[in-house]
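So the structure is just underneath, and the comments pick up after that.
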Amino acid sequence: MPTLLWHGEQDVFSPVEHSRWLADRIPTATMRVEEGAAHFRALNVMPDMLPWLAGRAA
């Protein structure tokens with residue numbers, strides 16, 4: 001199953017290394033790290049992630 005991992009580089013609640021660890025263990029993972037973004041930036045990037053998800057819903 002395709003998996004998208006998005007992480008803000010400046011996240012202090014959940015370090016980016018956690019997502020990198022997951023990406024290394026999920027063969028179908030796509031990892032996106034946004035420079036300068038923190039934890040709650042994820043709420044703002046959700047609309048940008050939806051096309052990725054929609055493209056795999058076939």
Side-chain angles (χ1 to χ4, degrees):
M1 180 65 60
T3 304
L4 176 62
L5 299 168
W6 177 92
H7 209 105
E9 182 185 48
Q10 299 298 315
D11 190 335
V12 296
F13 296 109
S14 179
V16 71
E17 288 78 21
H18 292 172
S19 287
R20 289 189 176 122
W21 184 88
L22 283 171
D24 287 343
R25 285 153 181 81
I26 302 171
T28 58
T30 298
M31 176 78 181
R32 293 189 186 167
V33 177
E34 186 172 337
E35 293 183 31
H39 189 79
F40 293 105
R41 174 80 174 123
L43 298 174
N44 299 92
V45 299
M46 188 61 67
D48 297 331
M49 301 299 119
L50 293 177
W52 184 93
L53 180 62
R56 281 144 183 87

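Numbers here are sequence positions counted from 1. Because the structure is a prediction, the values reported are computed rather than measured.
The backbone N or O of Thr28 lies less than 3.5 Å from no partner atom in the side chain of Thr3, so there is not a single donor-acceptor pair.
For the pair Pro15/His7, no side-chain contact is recorded, criterion being any heavy-atom separation below 4.5 Å from C-beta on. A 4.5 Å side-chain heavy-atom check between Trp6 and Ser19 finds every atom pair outside the cut-off.
If you chain together ILVMFWY residues whose side-chain heavy atoms come under 4.5 Å of each other, Met31 ends up grouped with Leu5, Val16, Trp21, Leu22, Ile26, Val33.
Across all non-hydrogen atoms, the minimal contact from Leu4 to Met49 is CD2-SD, 3.3 Å.
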Quiz: residues 36-45 side-chain donor-acceptor pairs under 3.5 angstrom, not counting sequence neighbours:
residue : atom : partner : partner atom : Å
His39   : ND1  : Asp11   : OD1          : 3.3
His39   : ND1  : Asp11   : OD2          : 2.8
Arg41   : NE   : Glu34   : OE2          : 3.0
Arg41   : NH2  : Glu34   : OE2          : 3.4

